[in-house]
2 protein chains.
Amino acid sequence: MISVEQALELVLQHAGKLQRCRQVNIEAALGCILAEDVVSDVDSPPHDKSIVDGYAIHEGDLSGENQLQIIEHIVAGLVPSRSLEKGLATQIMTGAPIPTGTAAVVMVEKTSTQNKGDLEFLSLTERSIRPGQNIVRRGQSMKLGDVVLRQGTLLRAIEIGLLAEVGRESVWTLIDPAVAILPTGDEIVPHTEKPPPGKIRNSNSSLLANLVMQAGGQPAESDIVPDHAETLLQAIEENLDCDAILLSGGVSAGVHDLVPAALAKAGVKQVFHHVNLKPGKPLWFGFFDRGDDRPPCLVFGLPGNPVSGLVCFELFVRPALQKMRWMKPRGLPIQRATLTVEHKHRGDRPSYWPAEYDSDSGQILPLSWQGSGDLRSLTGANALAYFPGGDRVWPVDEEVTVYLLPASS
Amino acid sequence: MISVEQALELVLQHAGKLQRCRQVNIEAALGCILAEDVVSDVDSPPHDKSIVDGYAIHEGDLSGENQLQIIEHIVAGLVPSRSLEKGLATQIMTGAPIPTGTAAVVMVEKTSTQNKGDLEFLSLTERSIRPGQNIVRRGQSMKLGDVVLRQGTLLRAIEIGLLAEVGRESVWTLIDPAVAILPTGDEIVPHTEKPPPGKIRNSNSSLLANLVMQAGGQPAESDIVPDHAETLLQAIEENLDCDAILLSGGVSAGVHDLVPAALAKAGVKQVFHHVNLKPGKPLWFGFFDRGDDRPPCLVFGLPGNPVSGLVCFELFVRPALQKMRWMKPRGLPIQRATLTVEHKHRGDRPSYWPAEYDSDSGQILPLSWQGSGDLRSLTGANALAYFPGGDRVWPVDEEVTVYLLPASS
């Protein structure tokens, strides 16, 4: 049975960068991946500017000892009309262009003013003023023609602000990975129905669809596929045009686990089945090559138990989606944390255990849960605690690795 | 001048939990705050079930030494029709209901079968089987009538999966905080225009609107408000019905910084103006009490420089939105990290410095940036590094506190 690391490497070998793009308005671009290089059409700042409210002074007055005549008031949005000379000063707002002849700007807090008739005079309380003080030069942040954002950049609030600064109304972005979700099994009914004896509601589709959304994919939920070879084959074939398919259920050792056979029949090449981890051992992975220039459709046969499905999603599907989206496939963020309770680990398989991580104290509490079907206990989890394979008692305060689950706000 | 901690306390004193709700389909509930307690309408599991593919056996056969006759095959979705007795076994799939008389389930991997005529027999390779092994009891995860999710819960993929499990098609959720964004200043033009000399594009509205979205709020962008007292007053009054208003610009010491005066005229009570931090010192904060049972409208006068605006948003607006959304107002997640370069800190004010954090190595690189107007350099930042006030050289490898900026996927 292959290890988590080997399995991840195989998944990433088959995951390819997506290429299809669409133009989106920058108001709707949060979380998108930029599909073009963005070039600035302006210098920023567009002029030598003051970074404080204060007074522009001449080189000859840097000693700070002279009384200066104020010749102009430049509020934001205006440009100076007069040059500075020794003995003159111009009042200037944060961000405003400095007059020609400016050597430095003195903060308003370090000045006082006095009126004499129609004239206004300035005294400085600051001495030995550094040339260039409080001035940012034109183009110091970026120059016209600079590539300011590269293809492949994840657009956060900051990048969208920058797109506005360079005048973009819309940008080309990658189309989100299309991820089909196929719940399988005669034992599940739609979540909108009351399950008869022996059956349970389909919670996996909701869980997986939202995990896909959190990971930047576009989920498409299929109807429940019964344990029937032909129907299963048809459902798989209908979705091979997607970037990925997540099947849930039908991959463990039971006689009615028809998924691997149906996938083979559909032309999906198996890469591995079973991974040495807990929960999630039955994971099946393969790919379907469409014979065009698109990356193959990745097919994940996820275990039907929701906790197993979640763990497999976070360890394998999320990094694959990251790679498809041109991001570093780093999976969940990792931390080290100290155990708040003793934890007994049993069995050969490395475990990824639902846990509650407290970032303030750096502590981790593995939660008690009732097997992989217990979604309720997972609601208390914001992390997975990692325990290597082997029987061992992990004492209180021992440090372990934790994977932080996404929070969404 | 008040400290960051004092300012945050004052902000949170005036931020109140929002109460308005709407019903959303669970497919559209990701990131919402639950506004009701959710009760389970089922036992989960709904029956005593097997957690493996294998064979249910009777108490009398726990030694593992007997050959057993297989009397039934229970695939997922079916219920057993026959009770077990000593000497009999029932094949069972993961999740399926166990027959009455079952003492334990043995994994299929620890069994072998043999056909004798029409009969099928089972041998076990496991000995001294623990009673209850591989069985989860009905209702062990949750019982009919249990409150499984509490009002105030942030709905992640896990919680939405659980809502499906308890049969919910829709839930009551809090309406997202409505946050008006008012960019002010004669020096800014819409980002869709080419700025004439002395002017710059409005990048703050895009930055702030997306920060609001990332924090779970609903932004409403206003047109640019010129430096004109009456227009400013009108724009403020038109937005006092929102949960919060973010003004950008017009709060520093310049003569045209009309915002505090207009806010006073609109009946917004000032709580503080200026905070001892860098960048972001000019921050203004107040509130407007509408005289009804809603929490007051919080009004933030953010500095016009985008980096200052970002820092003020993360330190003060995000925690306020968290409190409005019934969440713990913890702000950004915090980490300790070691400096990869020496950092010279100057000045009395504590600084929140754009930086690049590497979670793998736990290292932090403060970025060089060209003043608070330099949004471009921020695109490399995924964190703010904190340096307390006071002139000091921070050496390589020294540990500092970092605030992690949100990534969105």
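By convention in this document, chain letters (A, B, ...) are assigned in the order of the sequence lines, proteins followed by strands, and residues within each chain are numbered from 1.
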Query raised in the report: Which bit of A/L310 comes within less than 4.5 Å of chain B, counting heavy atoms only: side chain, backbone, both or neither?
Result: side chain
Report task. Would you indicate whether the side-chain heavy atoms of B/I158 and A/L405 approach each other to under 4.5 Å? Result -> yes
Query raised in the report: Using a cut-off of under 4.5 Å for heavy-atom pairs, which of A/S359, A/P97, A/G167 has the most such pairs with chain B?
Result: A/G167
Query - Choice from A/E27, A/E187, A/H47, A/E159 maximising heavy atom contacts with chain B below 4.5 Å - result: A/E187
Query raised in the report: Would you say B/N202's side chain and B/S205's backbone share a donor-acceptor pair under 3.5 angstrom?
Result: yes
Report task. Tell me yes or no: between the side chains of A/S44 and B/R376, is some donor less than 3.5 Å from an acceptor? Result -> no
Report summary line: Assert top hit (heavy-atom pairs under 4.5 Å, partner chain A, pool B/V166, B/L78, B/N204, B/T153) equals B/V166
Query - Of A/N25, A/L162, A/V38, the residue whose pairing with A/R168 passes side chain to side chain contact (heavy atoms under 4.5 Å, CB included) - result: A/V38
Report task. Using a 4.5 Å cut-off on heavy atoms from C-beta on, say whether the side chain of A/E314 contacts that of A/P406. Result -> yes
Query - Side chain, backbone, both or neither of A/E193 within contact of chain B (heavy atoms, under 4.5 Å) - result: neither
Report summary line: Interatomic distance, CG@B/L208 vs CD1@A/I160, rounded to 0.5 Å, equals 12.0 Å
Query raised in the report: Looking only at heavy atoms, which two atoms of B/S141 and B/P45 are closest? And how far apart?
Result: N-CD, 4.1 Å
**Report entry** Option that, when pairs with chain A are counted at under 4.5 Å, heavy atom only, ranks first among B/M107, B/E221, B/M142, B/H73
**Finding:** B/M142
**Report entry** For chain B, the option from A/R330, A/R201, A/Q335 that forms the most heavy-atom pairs under 4.5 Å
**Finding:** A/R201
Report task. Mind checking the OG-CD spacing from B/S50 to B/Q91? Nearest 0.5 Å is all I need. Result -> 10.5 Å
Requested in this report: Before accepting this row, confirm whether a basic side-chain N of the pair B/K194/A/D41 lies closer than 4.0 Å to the acidic partner's carboxylate O.
Outcome: yes
Report task. Count the heavy-atom pairs under 4.5 Å between each of B/I26, B/T379, B/V79 and chain A, then report the option with the highest count. Result -> B/T379
Query raised in the report: Between B/N382 and chain A, which part of the residue has a heavy atom less than 4.5 Å away: side chain, backbone, both or neither?
Result: both
Requested in this report: Pick one of side chain, backbone, both or neither for A/V42, based on which atoms fall under 4.5 Å of a heavy atom in chain B.
Outcome: side chain
**Report entry** A/R138 with A/D43: basic N within carboxylate O range, under 4.0 Å
**Finding:** yes
Report task. Can you tell which part of A/I200 gets under 4.5 Å to a heavy atom of chain B, answering side chain, backbone, both or neither? Result -> side chain
Query raised in the report: Which region of A/I74, side chain (C-beta onward) or backbone (N, CA, C, O), has a non-hydrogen atom less than 4.5 Å from a non-hydrogen atom of chain B, or is it both or neither?
Result: neither
Query raised in the report: Non-hydrogen atoms of chain A under 4.5 Å away: do they reach the side chain of B/V148, the backbone, both or neither?
Result: both
Report summary line: Of A/L378, A/V212, A/N210, the largest count of non-hydrogen pairs under 4.5 angstrom with chain B goes to A/N210
Query raised in the report: Do you know which of A/A164, A/G362, A/S377 has the most heavy-atom pairs with chain B at a distance under 4.5 angstrom?
Result: A/A164
Report task. Name the member of B/V189, B/I33, B/T192, B/I334 that forms the most heavy-atom pairs with chain A at distances under 4.5 Å. Result -> B/T192
Report task. State plainly whether the residues A/K199 and A/D186 are in salt-bridge range, i.e. N to O under 4.0 Å. Result -> no
Query raised in the report: If you take all heavy atoms of A/P354 and A/V307, which pair is closest and at what distance?
Result: CG-CG1, 4.1 Å
**Report entry** chain B contact via A/P333 - which portion, at a heavy-atom distance below 4.5 Å
**Finding:** neither
Query - Region of A/A381 that comes under 4.5 Å of a non-hydrogen atom in chain B - result: backbone
Query raised in the report: Relative to chain A, which segment of B/I188 carries a heavy atom at a distance below 4.5 Å: side chain, backbone, both, or neither?
Result: neither
